[in-house]
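One structure below.
On a predicted model such as this, the values are computed, not experimentally measured, just so you know. As a basis for the values below, the full set of heavy atoms in this structure was taken, side chains included, without hydrogen atoms, waters or symmetry mates.
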Amino acid sequence: VGGGMCFTFLAARGLGVGDSLLESDQIDASRGLLETGKIVLPTDVVVADDFSAEANTRTVPVEKIPDGWKGLDIGPESVAAFAQVLASAKTVFWNGPMGVFELAPFAEGTRGVAQAIVDATRPDHSSGAAFSVVGGGDSAAAVRALGLPEDGFSHISTGGGASLEYLEGK
């Protein structure tokens with residue numbers, strides 16, 4: 001879990017998240033999901049003192065998000081960890097960017113994870129090609145904006161909510 005959603009999960013682990021996006025009404029539900037042991041969270045994040053491309057930024061461990069700063073991307077250590085998980089995946093469903101990819105200082109997490117999905121989807125991949133679905137307008141926009149090959153994914157859908165409902169069996 002990356003992007004804005006990760007901060008609710010980090011708060012559920014008892015960590016401070018500064019001024020990052022937080023759904024406090026979902027902390028208990030997130031805590032329950034964490035107990036399954038199947039959730040991978042970032043270990044480092046790119047934080048900023050403002051929501052702008054000109055903001056002061058730092059990459060910090062998730063345990064050290066400064067008060068008053070916002071987490072706006074996952075960090076390079078997290079990208080590497082997510083890429084390692086994706087390398088052995090047989091199916092990948094990606095719904096949502098890893099950061100505010102529209103602003104250059106916060107695009108590398110999304111770029112790195114998306115590239116790892118492209119790599120896992122290649123027919124010559126060491127563990128066989130994964131089937132990859134990009135679900136959601138923001139994720140599809142990220143693929144285009146970051147110059148990633150659209151044919152590097154098995155399927156791209158702009159219907160993120162509809163894709164999630166499909167996975168729910170609706």
Side-chain angles (χ1 to χ4, degrees), residues 1-31 33-34 39-86 92-120 132-150 152-153 156-164:
V1 176
M5 189 182 295
C6 78
F7 299 104
T8 302
F9 281 90
L10 293 171
R13 285 183 41 205
L15 300 176
V17 296
D19 286 350
S20 305
L21 184 64
L22 179 66
E23 293 184 71
S24 53
D25 62 326
Q26 295 298 316
I27 290 176
D28 287 338
S30 298
R31 192 173 292 119
L33 290 169
L34 287 171
I39 305 290
V40 178
L41 292 173
T43 54
D44 63 337
V45 292
V46 179
V47 296
D49 62 355
D50 189 34
F51 190 89
S52 75
E54 295 78 32
N56 295 307
T57 64
R58 294 188 258 181
T59 300
V60 298
V62 295
E63 299 85 6
K64 297 189 183 230
I65 298 173
D67 289 338
W69 288 59
K70 301 163 182 37
L72 297 177
D73 197 9
I74 62 171
E77 182 180 285
S78 299
V79 171
F82 285 13
Q84 185 175 11
V85 171
L86 291 165
V92 178
F93 185 87
W94 176 31
N95 184 274
M98 298 290 111
V100 185
F101 71 92
E102 301 91 341
L103 301 176
F106 316 111
E108 291 310 306
T110 299
R111 181 187 318 278
V113 169
Q115 185 61 56
I117 296 169
V118 169
D119 293 345
S132 61
V133 176
V134 176
D138 287 341
S139 301
V143 168
R144 288 184 206 92
L146 298 174
L148 296 158
E150 289 188 35
F153 303 90
I156 298 178
S157 169
T158 57
S163 298
L164 292 174

statement: Exactly one of V17, V40, V62, L33 clears side-chain contact (heavy atoms from CB on, under 4.5 Å) with F9, and that residue is L33
Show the nearest heavy-atom pair for residues [X] and [Y], with the distance to one decimal.
| X | Y | value |
| --- | --- | --- |
| C6 | V1 | CB-O, 3.5 Å |
| I156 | A140 | CG2-CB, 3.7 Å |
| S52 | F106 | O-CE1, 3.6 Å |
| W94 | G96 | NE1-O, 2.6 Å |
| I27 | A12 | O-CB, 3.6 Å |
| D73 | A107 | OD2-N, 3.7 Å |

query: E23 and T8: side-chain donor and acceptor closer than 3.5 Å?
result: no
Is the backbone of [Y] close enough, under 3.5 Å, to the side chain of [X] for a donor and an acceptor to pair up by distance?
| X | Y | answer |
| --- | --- | --- |
| T110 | M98 | yes |
| T59 | V46 | no |
| S157 | G135 | no |
| D19 | K70 | no |
| S20 | G71 | yes |

field: Audit row: W69, N56, side-chain contact (heavy atoms from CB on, under 4.5 Å) steps and yes/no
entry: CA-CA 10 Å; W69 288 59; N56 295 307; 4.0 Å; yes
- prompt: Counting only heavy atoms not in D25, do more than 12 fall under 6.0 Å of its CG?
  reply: yes
- prompt: Do other residues, nucleotides or ligands put more than 12 heavy atoms under 6.0 Å from the CD atom of E150?
  reply: yes
- line: Value for CG (L10) from CD1 (I65), rounded to nearest 0.5 Å, stands at 6.0 Å
